[in-house]
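What you are looking at is a predicted structure, and each value in this text was computed from that prediction instead of being measured. We use all heavy atoms of the structure for the numbers below, so side chains are in, but hydrogens, waters and symmetry mates are not.
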Amino acid sequence: MSAPAGRPLRADAVRNRNAVVQAARRAFVDRGVEAPLEDIAKSAGVGPGTLYRHFPTRSDLIAAAVEDHVEELRRAVDHLNTPSYDASDVLRDWVRLLSDYSGAYGGLADSVLAASSRGGSLGEICRELEDLTEAVLKRVRATGRVRDDVVGEDVFVLANALAWANGHDPEGVRADYRLEILMRGIAN
């Protein structure tokens, strides 16, 4: 969020915004993305009005909290799409990264799936991740290893479903098996 007329935020406003994002990340790890916003504001040392001034909706706060993860995913796509990366591993590794991203905070997979069809900052992140997934699929399609009718949105939704399922399997006993089922389902 910026100051009126496009002016940059004051230093104290930047500190407050950053404090809210850091407090949200801690709360989301401990209590999931449904952690009470009032508790997040208190942990950040700001009032609820400050939190809502920077983040009018919970989805906006979630989007800010996951931005570092999204940046890592952007870099990962660049790496996965390099010619030196084994094309047979690209899609599996990308789905695993997406699933890990969506499993970073309790309830994130549900929030991501709900936001992917809506607007707002979290919805924009979802659409970007669908586009990144499509870029990975384009490379894999060229090798003939994935069905032609599979699109980025499908894989993004399935990766979130994996994150949800894996979140209910704290030992991770079946995580690799579920990933293999998904990969066989979209393979050519």
Look at the side chain of [X] and the backbone N and O of [Y], then say whether any donor-acceptor pair between them is shorter than 3.5 Å.
| X | Y | value |
| --- | --- | --- |
| Ser102 | Ser99 | no |
| Arg58 | Ala35 | yes |
| Asn166 | Leu162 | yes |
| Arg139 | Ala135 | no |

With the side chain counted from C-beta on, respond yes when [X] and [Y] share a heavy-atom pair under 4.5 Å apart, and no when they do not.
| X | Y | value |
| --- | --- | --- |
| Ile181 | Arg184 | yes |
| Arg96 | Asp176 | yes |
| Phe28 | Glu34 | no |
| Val95 | Leu158 | no |
| Tyr52 | Thr57 | no |
| Leu37 | Phe55 | no |

I'd like to know if [X] and [Y] make a salt bridge, using a cut-off of under 4.0 Å between side-chain N and carboxylate O.
| X | Y | answer |
| --- | --- | --- |
| Arg75 | Glu71 | yes |
| Glu134 | Arg141 | yes |
| Arg74 | Glu67 | yes |
| Arg25 | Asp30 | no |

Task: Verdict with reasoning, Arg145 to Asn188, per side chain to side chain contact (heavy atoms under 4.5 Å, CB included) - done: CA-CA 5 Å; Arg145 288 187 169 101; Asn188 215 3; 5.9 Å; no
- [ ] Could you list who else is in Val151's hydrophobic cluster, with ILVMFWY side chains joined at under 4.5 Å, directly or through other members?
- [x] none
